[in-house]
Each structure stands twice: as C-alpha cells, then as structure tokens.
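In what follows, every chain begins at residue 1, and chains take the letters A, B, ... in the order their sequences are listed.
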Amino acid sequence: MTQTKAELTMTIKVLYFASLKELLGCGEESISAEAVKTVEDVWLLVSQGKNISQQVLYSVNQEYAEGDALVKAGDEVAFFPPVTGG
Amino acid sequence: MTQTKAELTMTIKVLYFASLKELLGCGEESISAEAVKTVEDVWLLVSQGKNISQQVLYSVNQEYAEGDALVKAGDEVAFFPPVTGG
Amino acid sequence: MIKITEQPFDPWQELSSFQLAMRRDGEFGACANFIGTMRDMNEGDAVSGMVLEHYPGMTEKHLDKIIAVAKDKWDLLDTLVIHRVGKLLPNDPIVLVAVWSVHRKDAFEASRFIMEDLKSKAPFWKKEAVKSSGQQTEKNRWVEKNTSGY
Amino acid sequence: MIKITEQPFDPWQELSSFQLAMRRDGEFGACANFIGTMRDMNEGDAVSGMVLEHYPGMTEKHLDKIIAVAKDKWDLLDTLVIHRVGKLLPNDPIVLVAVWSVHRKDAFEASRFIMEDLKSKAPFWKKEAVKSSGQQTEKNRWVEKNTSGY
C-alpha cells in the first residue's frame with residue numbers, strides 16, 4: 001500500500017531473516033509505532049499466534065539490542081536466529 | 001688434509017654458524033673424539049683462547065643438546081648463537 | 001576494506017592485489033590470514049550446495065565496528081575482509097580475513113579476533129542442501145548455530 | 001611440505017598451487033596462514049638488505065619434527081612451510097606457514113604454534129645491512145634475538 005509521509009513517520013520498519021522469515025512468511029513489514037515501547041513489544045506483536053520456539057535475536061537500527069531497548073517511529077527493527085556465517 | 005678411513009671414524013665433525021662462525025674464523029672442522037666426552041668438552045676445546053661472551057647453543061647430530069650430552073666419534077656437533085629466522 | 005560479494009572469489013588473488021594496492025612495501029613484517037571454505041560434508045551429511053543470506057547494511061556496519069575495535073586493540077597497518085553471499089558450491093571460499101602489521105603478534109591475534117567475532121555476531125545465515133546417508137532426496141536445512149573457535 | 005629456497009617466492013602463488021595439488025577439495029573448511037616479510041626498518045635503522053644463513057639438514061629435521069608435533073596436537077589435513085635463505089631485499093617474503101584443517105580452531109592454533117616454534121628454534125640467522133640515522137656508511141650486523149610472539 002502507498003503510505004503518506006505522515007504515516008511513514010509514524011511507523012517502524014520490521015525485518016525478518018533466515019528461518020524466521022520463513023516461519024513468519026514475510027521478510028519486511030511496517031507497524032504503527034503507537035502501540036509499542038520496546039523491541040520486546042514489537043516482537044510480541046508481530047509473532048502473536050505463531051508458535052516460535054527457537055532463539056530470536058533483536059536489532060534496532062542495525063545494532064544488536066536487548067528486549068527492553070526503546071523503539072520509536074522511523075526505527076528499523078530486525079528479528080533473526082543465531083548467526084551462522086563465516 | 002686428507003684423512004684415512006680410520007682417522008675419519010675417530011673424529012667428531014664440528015660446525016659453527018652465523019656470528020660464531022665469524023668469531024672463530026671457521027665454519028667446519030674435525031676434532032679427535034678421544035679427548036672429549038660431552039658437548040661442553042668440545043666447546044671448551046674449540047673456543048679456548050677466544051673471548052666469546054655471547055650465548056651459544058649446542059646441537060648433536062642436528063638436534064638441540066645440553067652441555068652434558070655425550071658425544072662420540074662420527075657425531076656432528078654444532079655451535080651457534082640464538083636463532084633469528086622467520 | 002570490507003567486501004560482501006555474490007561472485008565467487010579467489011582468496012590468493014584478492015590477497016595479492018590488495019597487498020599491492022596497500023602501497024605499504026617495506027612497512028609490513030607480518031600478514032596473518034584465514035580462509036573459510038565450503039565443505040561437501042556437514043554433521044555427517046553430504047552437502048551439495050548452500051545459500052548464504054545476510055542483513056545488508058547491518059553486516060557492513062557490524063564488520064566496520066569489529067575492525068575498528070581490532071585496530072584499537074592491536075597495531076595494524078591494514079585489514080581485508082571478504083564474505084560471500086548468495087548461492088555457493090562445495091569448495092567455494094566463503095570468507096577471508098587478512099591482517100597486516102609490523103610485528104606478528106598483532107596480525108595473529110587480530111585475525112583470529114575478527115574471525116571469531118564474525119562467526120558469532122555478523123548477520124549471515126547459511127541454508128544448506130543436504131542428502132542424509134540412506135536418503136534419496138535432498139533437503140534444505142538452516143545451519144543452526146556456529147560453534148566457538150576458541 | 002617444507003621448502004627452503006634461495007629464490008624469491010610469491011606466497012599467494014605458492015598457496016594457490018599447493019592447495020590445488022593437495023586434492024582435498026570439499027574436505028578442508030579452514031586455512032590459516034602467516035607470511036613474514038622483510039621490512040626496510042629494524043630497531044630504528046634503515047635496512048637495505050639481508051643475508052639469511054641456516055643449518056642445512058638440521059633446519060629440515062627441526063621443521064619436520066615441529067610439524068609432526070602440530071599434527072599430533074591438532075587435526076590437520078596438510079601443512080606448507082617455506083623459508084627463504086641467502087640474499088634478501090626489503091619487501092621479500094621470508095617465511096610462509098600455512099595449515100589446512102576441517103575446523104578453524106585447529107588451523108588457527110597450529111599455524112601460530114608452528115610459526116612461534118620456527119622463530120624460537122629453527123636454525124636460521126639474519127645478518128642485516130643497516131644505515132643508522134645520521135650515518136653515511138652501511139654496516140652489517142647480526143640480528144641478535146627474536147622476540148616471543150605471544
């Protein structure tokens with residue numbers, strides 16, 4: 001959907017990678033910044049109803065974050081499994 | 001000088017490397033095996049009269065040896081300063 | 001320098017060109033480097049291919065940060081990190097970490113430090129195509145976790 | 001493989017050819033290697049050249065032994081050690097130590113172990129041609145001792 005500039009500034013960009021992307025059936029979405037305060041809030045919102053038992057790592061604006069890290073409109077939040085590069 | 005086979009079997013081959021070769025003015029010599037029991041004996045014999053203050057390492061048949069290592073006719077003994085390769 | 005590439009790379013050629021381009025002739029006494037290569041076996045199963053996913057943006061940001069940390073901890077002249085993404089085949093180089101320094105201690109320690117951090121934190125994920133012994137068909141599975149190299 | 005050579009060598013070419021000749025494609029997951037290169041400065045003095053002497057026979061014997069020890073301590077697929085002797089110029093590679101293994105821990109630790117042993121025990125000696133700052137004439141001096149890399 002096309003978002004107006006006002007709407008864009010009220011949203012948080014959420015990304016999923018690897019097995020989490022498959023489990024959630026989605027790689028990227030936008031959520032309203034109003035209902036969430038922390039990364040953990042975002043995760044509970046986007047994963048609700050899904051039975052995800054694996055370990056999930058968080059990042060905010062491309063840096064690792066703990067669950068209690070604050071998020072705001074315009075942030076880029078990502079969720080992913082333990083990394084396996086190299 | 002040319003050595004007979006009998007003489008060869010009675011001798012110890014002695015090698016010097018690097019700064020020691022320069023200090024002793026010689027890279028290789030043969031000594032009689034009769035007067036020496038240990039590597040230390042060989043060293044005292046070949047270095048006598050030379051004022052050598054630097055650290056000297058010993059080897060017998062191309063393996064590191066302590067001063068009390070025994071030597072016999074036919075052995076190859078070497079003396080050299082701390083190594084500096086790599 | 002950091003390169004994330006979908007193209008196969010030859011680690012020796014990359015090292016050779018990069019070292020020349022560094023223009024540090026006579027300055028560096030030590031280069032320690034590590035190359036990780038795709039194997040055709042993992043956890044007892046035959047592996048025929050792999051897809052390497054990453055988080056564009058965060059990957060570069062994270063690697064930049066860890067290299068800055070390494071340059072802070074050790075005396076380094078230059079570093080080169082290359083990581084492959086996309087489709088890979090067995091025997092393809094996956095990662096190269098190279099460090100140049102005046103003395104060897106710095107190069108040895110920093111190369112391992114960067115590599116271990118990359119393995120445990122840089123946002124890459126491997127999915128491998130495996131055929132378990134006794135099975136006819138191939139399956140894709142995500143590699144679950146890297147083990148520590150220490 | 002161990003090579004002692006009076007000829008200049010290109011470490012990247014040696015690594016490339018050796019790895020191909022190993023015929024271990026798909027088996028090795030890790031290669032850690034170290035290259036020591038001649039610098040144009042040492043202990044504050046400009047160095048214009050170097051002569052590397054060694055103890056033929058004992059050199060090979062000692063390196064063989066240390067590689068055997070490393071193969072005993074770690075799981076290694078193959079190793080390559082090249083050391084230059086004779087006349088060298090600044091920027092010439094002096095030594096290459098490379099180790100291939102399945103997992104990275106073995107390659108990292110064994111390559112460093114071999115290199116440290118080589119520096120502290122393999123019978124090589126360096127004599128460098130130096131010009132101290134403010135001096136006009138060049139002098140030859142023996143390098144006195146290698147420092148520990150740990």
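Only the backbone of S120(D) comes within contact range of chain B, with heavy atoms under 4.5 Å apart. Interface remark: K127(D) contributes side-chain atoms only to the contact with chain B (heavy atom separation under 4.5 Å). Only the side chain of K65(D) comes within contact range of chain B, judged by heavy atoms closer than 4.5 Å. Both the backbone and the side chain of E63(B) come within contact range of chain D, with heavy atoms under 4.5 Å apart. Looking at L15(B), the atoms closer than 4.5 Å to chain D (heavy atoms on both sides) all sit in the side chain, from C-beta outward.
By the 30° and 60° cut-offs, the orientation of the rings of Y16(B) relative to F79(B) is parallel.
For the salt bridge (charged side-chain N to carboxylate O under 4.0 Å, His left out) test, no residue two or more places apart in sequence or in another chain qualifies with D78(D).
A salt bridge is defined here as a Lys NZ or Arg NE, NH1 or NH2 lying under 4.0 Å from an Asp or Glu carboxylate O, and D64(D) with K61(D) fails to meet this definition. Ion pairing between a basic and an acidic side chain is recognised when a charged N comes within 4.0 Å of a carboxylate O; E53(D) and K21(B) show such pairing.
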Cut-off 3.5 Å, no hydrogens considered: what does the side-chain donor-acceptor table look like for residues 11-22 of chain D, sequence neighbours left out?
| from | atom 1 | to | atom 2 | distance (Å) |
| --- | --- | --- | --- | --- |
| E14(D) | OE1 | K3(D) | NZ | 2.7 |
| S17(D) | OG | Q13(D) | O | 2.7 |
| Q19(D) | OE1 | W100(D) | NE1 | 2.7 |

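The CD atom of E60(D) sits 8.0 Å away from the CD atom of Q62(B) when rounded to the nearest 0.5 Å.
Here K121(D) is the residue among H54(D), K121(D), H83(D), M115(D) with the most heavy-atom pairs under 4.5 Å with chain B. With chain D as the partner, the residue from S59(B), A78(B), P81(B) showing the most heavy-atom pairs under 4.5 Å is P81(B).
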